[in-house]
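Down below is the structure, laid out as structure tokens.
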Protein chains: 2
Amino acid sequence: MLTTTSYLVLGLVGHLGSPTSYELKRAVADTIGGFWSVPHSQLYAEPIRLTALGMLTEEQEQGGRRRRTYTLTDTGRAELDQWLAMPTDEGTELRDLALLKLYFGGQAGDGAVQRVAERAAEVHKRRLAGYERLVSSPPPNVDLHQLSILALAARYEEEAVAFWSAVAADPDLT
Amino acid sequence: MLTTTSYLVLGLVGHLGSPTSYELKRAVADTIGGFWSVPHSQLYAEPIRLTALGMLTEEQEQGGRRRRTYTLTDTGRAELDQWLAMPTDEGTELRDLALLKLYFGGQAGDGAVQRVAERAAEVHKRRLAGYERLVSSPPPNVDLHQLSILALAARYEEEAVAFWSAVAADPDLT
DNA sequence: GGGTACATGTAATCAGTTACATGATTTA
DNA sequence: TAAATCATGTAACTGATTACATGTACCC
């Protein structure tokens, strides 16, 4: 019934207190987005569903932008708690278009693998720099668990930079 | 128009020659699944779409299981080539339910983070073992690009094991 | 005061998920 | 020959994607 997106929203609302959809969007873009992305339209649609289910309450501004702010209900809090406490057997899915292209690299034309690899190396360098900036000067209301995740993500990005640099240097992996 | 799933199917059909949907399913489960999963129903539905678009041809067995085998058309091959040659700006998304739960660990009840971490450590140990087995004795028709990806995935799994073990040992990260 | 970027949402379409269902092989 | 598992598919529903659209604030 509830999807992962639902729990993500419940968790964020719990963490942020009484955010608007736009604030959810910002929070996702800043941090979670790296390992669980959600398009912003979902961050408008999902709170509405959750409100209908009694997991959130909605309060709308009168006048101005007429923004809606959401807060957890006791039901929503209980649902979130129970989900957080349940271990999962799913591992990590390294969803990555460039890896998918490399996977089929044997079928690619001349130079294709190298060009893909060069771009991927750049992308991961940028992300790595971003994470390092975040870890060294974290925004307010980022806690230790969240920081540790950023550190793990940063380590992955390091691996990825090394990996793609090697592929770019020797696209046929001889 | 074409989705990533489309290209995944085109790539697999190109790689395997003339697979059935079931063979696509096996190929995904064995290797790609770790970094780009697709439910099996899509591996039945998508080739039908691609056939309608003229990118695949379908041949159906008479009698027996009446399986359908697919092969690339020239159009399909061209579409795949062009996609493979195009670099992408998207990075890796580390889609991981356990990380998401840990992200909200500050809101979780007593012992929840630890239990999630213990399970996650086990899951990643198993995956690591699986990748190592694959790398040391790869199945036939796995090429060098694919092997290198498995090696990268294995390195991530090592990181993950270390990460989750540390969290399990000290859930509050003091 | 006009442009530009930020902020806030809605609508249509369709891929993806989930569940169901049954046929073919193997094995005990 | 019964049970279990592998293999092959279909159907319904809905969440996710994509595109559009407009309002508000800020800056030059």
Side-chain angles (χ1 to χ4, degrees), chain A residues 1-10 12-13 16 18-30 32-33 35-53 55-56 58-70 83 88-90 93 95 97 100, chain B residues 1-10 12-13 16 18-30 32-33 35-53 55-56 58-70 83 88-90 93 95 97 100:
Chain A
M1 170 129 128
L2 295 189
T3 71
T4 302
T5 303
S6 313
Y7 291 109
L8 187 150
V9 168
L10 289 177
L12 277 179
V13 172
L16 298 175
S18 52
T20 65
S21 286
Y22 187 71
E23 287 166 325
L24 295 176
K25 172 186 165 180
R26 296 307 304 265
V28 168
D30 289 348
I32 305 191
F35 63 95
W36 205 289
S37 73
V38 186
H40 86 272
S41 66
Q42 287 295 102
L43 298 176
Y44 285 89
E46 189 62 32
I48 293 172
R49 277 176 219 140
L50 290 170
T51 301
L53 291 171
M55 311 242 163
L56 297 180
E58 174 196 309
E59 193 158 346
Q60 189 162 24
E61 247 180 14
Q62 296 309 320
R65 301 198 159 197
R66 301 184 54 73
R67 312 183 189 113
R68 298 173 195 150
T69 58
Y70 298 97
W83 181 76
T88 172
D89 284 329
E90 287 169 46
E93 191 174 333
R95 251 175 191 252
L97 272 183
L100 198 52
Chain B
M1 170 130 127
L2 294 189
T3 70
T4 303
T5 303
S6 313
Y7 291 109
L8 187 150
V9 168
L10 289 177
L12 277 178
V13 171
L16 297 174
S18 52
T20 64
S21 285
Y22 187 72
E23 287 167 325
L24 296 178
K25 173 186 165 180
R26 295 308 303 264
V28 168
D30 290 348
I32 305 191
F35 63 96
W36 204 290
S37 75
V38 186
H40 87 272
S41 66
Q42 288 294 103
L43 298 176
Y44 286 88
E46 189 62 32
I48 294 172
R49 277 176 220 142
L50 290 170
T51 301
L53 291 171
M55 312 241 162
L56 297 179
E58 174 196 308
E59 193 158 348
Q60 187 161 25
E61 246 180 15
Q62 296 308 320
R65 299 195 163 203
R66 301 184 55 72
R67 309 182 191 115
R68 299 173 196 149
T69 58
Y70 298 97
W83 182 75
T88 172
D89 284 328
E90 288 170 47
E93 191 175 332
R95 250 174 193 253
L97 271 183
L100 197 53

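In what follows, every heavy atom counts, from backbone to side chain, and hydrogens, waters and symmetry copies are set aside. Values in this document were obtained by computation on a predicted structure and should not be read as measured data.
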Rounding to an integer number of Å, can you tell me how far [X] [atom1] sits from [N] [atom2]?
X: B:Arg68; N: D:dT8; atom1: CZ; atom2: P; result: 11 Å
X: B:Glu23; N: D:dC6; atom1: CD; atom2: P; result: 16 Å
X: A:Leu24; N: C:dT8; atom1: CG; atom2: P; result: 11 Å
X: A:Arg67; N: D:dT22; atom1: CZ; atom2: C1'; result: 16 Å
X: A:Lys25; N: C:dA5; atom1: NZ; atom2: C1'; result: 11 Å
X: A:Leu43; N: D:dA16; atom1: CG; atom2: P; result: 10 Å
X: B:Tyr44; N: D:dT10; atom1: OH; atom2: P; result: 10 Å

Is B:Glu46 salt-bridged to B:Arg49, going by a charged N under 4.0 Å from an acidic O?
yes
Nearest atoms (heavy-atom pairs only) where B:Trp36 meets A:Leu97:
CZ3-N, 3.7 Å
For A:Pro19 against A:Leu24, the heavy-atom pair lying closest together
CG-CD2, 3.7 Å
Find which nucleotide of DNA chain D each of B:Ile48 and B:Arg26 is nearest to by heavy atoms, and output the residue with the more 5' nucleotide.
B:Arg26
Would you say the side-chain atoms of A:Glu93 and B:Ser37 include a donor-acceptor pair closer than 3.5 Å?
yes
Name all residues meeting the salt bridge (Lys or Arg N to Asp or Glu O under 4.0 Å) criterion together with A:Asp30; count only those two or more places apart in sequence or in a different chain, and write none if there are none.
none
Partner set under side-chain contact (heavy atoms from CB on, under 4.5 Å) for B:Phe35, not counting sequence neighbours:
A:Leu94, A:Leu99, A:Leu100, A:Tyr103, B:Ile32, B:Ile149
Identify all pairs in which a protein N or O lies below 3.5 Å from an N or O of nucleotides 15-19 of chain C, and state each distance.
unit_1: C:dG16; atom_1: OP1; unit_2: B:Thr5; atom_2: OG1; d: 3.1
unit_1: C:dG16; atom_1: OP2; unit_2: B:Thr5; atom_2: OG1; d: 3.4
unit_1: C:dG16; atom_1: OP2; unit_2: B:Gln42; atom_2: NE2; d: 2.4
unit_1: C:dT18; atom_1: O4; unit_2: B:Ser41; atom_2: OG; d: 3.0

